[in-house]
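First comes the structure, then the notes that go with it.
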Amino acid sequence: MTTTSTADAKVNSYRSGPDERGHFGLFGGRFVAETLMPLILDLEQAYNDAKADPAFHAELENLNTFYAGRPSPLYHAERLTDYFRQQSKTGGGAKVYFKRDELNHTGSHKINNCLGQILLARRMGKTRIIAETGAGQHGVAVATVCARFGLPCEIYMGATDVKRQSPNVARMYMLGAKVNPVTSGAGTLKDAMNEALRDWVTNVENTYYIIGTAAGPHPYPELVRDFQSIIGKEVREQMMAAEGRLPDTLVACIGGGSNAIGLFHPFLDDKNVKIFGVEAGGHGLDVPNGHAASMNGGAPGVLHGNRTYLLQDDDGQILEGHSISAGLDYPGVGPEHSWLKDTGRVKYVSVTDNEALEAFQLCAKQEGIIPALEPAHALAHVMKLAPTLPKDDILVMNMCGRGDKDVFAVAGYLGMTI
Amino acid sequence: MTETRIDRRFASLKSEGRSGLVTFVTAGDPDYETAAKILAGLPAAGADIIELGMPFSDPMADGPAIQASSLRALKAGQRMTKTLAMVADFRKTDNDTPIVLMGYYNPIYVYGNERFLADAVKAGVDGLIVVDVPPEADDELCIPALNAGLNFIRLATPTTDAKRLPKVLANTSGFVYYVSITGITGAAAPDASKVHQQVARIKASTTLPVAVGFGVRTGEQARAIAKGADAVVVGSALVTAIEKSLGEDGRATGNTVAAVLDLVKDLAGALRAG
């Protein structure tokens with residue numbers, strides 16, 4: 001086994017990965033069937049060309065500004081800050097900001113990636129788009145950009161998720177996408193990704209696969225990260241304008257980890273910035289197959305084109321995992337996060353379903369913002385962390401999605417009758 | 001590297017002047033004992049080379065038939081250690097029929113690559129097909145497998161163009177597995193004439209035998225595909241025969257072993273008649 005470490009080669013930077021073979025240290029790579037390899041190599045070439053083309057960046061920036069509504073605001077969550085200060089036993093309590101990516105068109109950070117990838121698909125001359133989706137946020141964003149550019153689109157979504165995220169299913173239909181419910185496995189995100197890969201291998205000539213998170217075979221983890229890094233780049237500028245300095249603490253939720261890597265990556269070399277990724281602890285890390293915390297409760301393995309931390313048994317069979325949040329309910333994680341965990345640059349923690357539900361309610365009542373269940377996980381960790389930090393600690397949490405899609409499910413969990 | 005059972009088998013097929021039949025079944029489908037009986041019966045039924053699937057929870061390149069087969073095996077408690085034990089048992093009575101383990105990388109990686117290769121050699125495995133380890137990652141598994149004396153059989157596909165083919169062939173040994181369609185296992189039947197062109201293209205670049213698979217279900221298809229190829233692979237049709245033979249409780253019946261072996265006899269008969 002090869003364990004060449006890019007960490008050793010690039011001691012001065014956490015931001016220069018992946019290497020030319022798509023590795024972040026041990027993690028990443030390109031583990032796909034031969035049918036897909038030529039296309040993956042084409043994609044890598046197309047992305048390298050696009051990166052060097054000012055016209056590509058100009059078109060993406062224009063879409064980000066006038067279609068997605070970027071930059072998203074950096075918002076001082078004043079009442080929550082006060083609340084955490086009241087909770088503080090040390091007389092502290094961080095100053096909490098939200099990066100408001102839930103205000104983007106389509107309601108989450110997913111549009112950042114989809115706009116970038118649809119432009120790549122067009123450059124490559126592809127005429128048909130496929131994607132997987134868990135919570136449906138990515139599916140909606142894909143359906144949206146396909147409508148915007150007039151490309152036919154098929155979305156694979158686990159049958160279980162189709163049920164628990166029905167508002168997003170309706171949105172995808174209205175945007176003209178075909179939604180294919182996937183019944184294999186537990187009918188969640190991993191199974192949807194398997195089916196999308198099967199479609200891709202069958203229709204490889206004309207089809208572009210818009211992967212929704214910073215995972216999959218190289219160059220997906222890199223290009224998704226690059227498109228999402230607009231989050232962190234904006235935060236740097238906005239924080240300089242608001243506070244005259246960089247933040248001290250960053251917090252984001254982790255499923256596959258695209259919103260998190262987008263926030264984290266521009267700050268990785270700022271050694272004084274503490275960075276926390278929050279995994280879905282489900283029923284608790286001690287409950288077998290009861291959580292979706294790949295890094296805190298899994299082991300390295302190879303799935304969906306990359307080596308990364310996976311929820312799996314000791315025979316290498318992948319577990320379904322569990323989270324109240326359909327967007328975090330995935331047995332893997334982007335390979336760059338696995339590397340950042342092993343290097344210790346980012347601290348990965350987990351919160352349970354119940355903690356996320358509590359944060360969801362707190363945010364709605366304290367700030368008038370109904371978060372998606374995914375960033376509710378990030379907020380649940382902020383609830384623990386912020387009161388322990390000093391008052392001059394500036395904390396930024398990525399509010400990566402809005403909770404419209406979750407209100408009925410959460411009402412059900414809370415036993416509310418509407 | 002030294003001559004393997006696979007090399008010897010293709011040499012004897014050549015001297016007999018016929019194309020071989022490569023059969024795929026999943027280890028432990030529908031349960032260990034029944035699968036072991038199927039395995040033991042395959043050579044007499046006419047299988048020239050046996051591909052034994054290492055079940056995986058997420059077989060991304062496989063269609064519904066092999067997905068279901070893999071899940072049946074896992075549900076019945078199949079694990080890598082049992083798959084290797086099944087090969088070792090088979091070798092007690094058959095020292096000639098080549099066995100190729102086929103599957104996905106993760107169960108091997110988790111077992112530990114070095115330990116896996118050592119145990120596979122010890123069990124009497126002859127070759128490996130690992131669907132999701134491309135030539136770009138040869139240093140991880142392919143080269144160590146070759147060094148351990150195993151054949152590493154690579155898939156070539158309709159998307160493997162002239163520029164890429166040499167890379168795919170570079171460290172391949174035993175034979176080349178030509179995937180006759182862009183798609184998953186058990187999908188649409190391939191167009192025989194297109195397959196012949198593609199096989200000829202591959203054969204122009206290598207002296208290795210070429211086996212053709214994906215979508216071959218019947219003796220007639222096998223015979224048509226076999227022209228110009230050194231062997232034909234049949235998999236989904238066999239595991240579908242297992243599935244259809246099961247009782248309402250999903251368990252093996254008195255029919256299960258015969259259902260598979262009878263189909264293998266038909267396929268072998270058709271190939272030999274061709």
Quick one: which of [options] has the most heavy-atom pairs under 4.5 Å with chain B, could you say?
options: A:Pro300, A:Ala196, A:Ala299; answer: A:Pro300
options: A:Leu319, A:Thr35, A:Val204; answer: A:Thr35
options: A:Asp199, A:Asp313, A:Val302, A:Leu41; answer: A:Val302

Q | More than 12 heavy atoms of other groups within 6.0 Å of B:Lys122 NZ | A |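 Not more than 12 within 6.0 Å, no.
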
Q) Which heavy atom in B:Pro134 sits nearest to a heavy atom in A:Val32, and how many Å separate them? A)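 Smallest interatomic distance, heavy atoms only, reads CD-O, 3.9 Å.
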
Q: For A:Gly301 and B:Asn106, work out which heavy atoms get closest and say how close.
A: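 Looking at all heavy atoms of both residues, the closest pair is CA-OD1, 3.0 Å.
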
Is it the side chain or the backbone of [X] that comes within 4.5 Å of chain A heavy atoms, both, or neither?
X: B:Asp62; value: backbone
X: B:Arg79; value: both
X: B:Pro55; value: backbone
X: B:Tyr111; value: neither

How long is the span from the [atom1] atom in [X] to the [atom2] atom in [Y], to the nearest 0.5 Å?
X: A:His218; Y: B:Glu136; atom1: NE2; atom2: CD; result: 10.5 Å
X: B:Gln78; Y: A:Asp315; atom1: CD; atom2: CG; result: 8.5 Å
X: A:Ile318; Y: B:Phe56; atom1: CD1; atom2: CZ; result: 4.0 Å
X: B:Ser57; Y: A:Leu303; atom1: OG; atom2: CG; result: 7.5 Å

State, with a plain yes or no, whether a side-chain heavy atom of [X] is found less than 4.5 Å away from one of [Y].
X: B:Lys167; Y: A:Met37; value: no
X: B:Val130; Y: A:Phe31; value: no
X: B:Pro107; Y: A:Gln312; value: no

Q. Is it the side chain or the backbone of A:Leu310 that comes within 4.5 Å of chain B heavy atoms, both, or neither?
A.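 Just the side chain, heavy atoms under 4.5 Å.
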
Q. How would you list, in number order, the residues of residues 177-185 of chain B that have a heavy atom less than 4.5 Å from chain A?
A. B:Thr182, B:Gly183, B:Ile184

Q) Is there any residue in residues 195-212 of chain B with a non-hydrogen atom under 4.5 Å from a non-hydrogen atom of chain A, and which ones are they? A)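 Expected list: none.
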
**Q.** Most chain A-contacting option - heavy-atom pairs closer than 4.5 Å, from B:Val110, B:Asp132, B:Val168, B:Leu141
**A.**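 Going by pairs under 4.5 Å, I would pick B:Asp132.
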
Q.
When you measure from the side chain of A:Arg30 to the backbone of B:Ala137, do you find a donor-acceptor pair of N or O atoms at a distance under 3.5 Å?
A. no

Q. Okay, side chain of A:Glu34, backbone of B:Leu155: is any donor-acceptor separation there less than 3.5 Å?
A. no

(Q) For A:Arg21 and B:Asp139: C-alpha separation, side-chain torsions, deciding distance, then whether side chain to side chain contact (heavy atoms under 4.5 Å, CB included) applies. (A) CA-CA 12 Å; A:Arg21 292 170 72 197; B:Asp139 52 344; 3.1 Å; yes

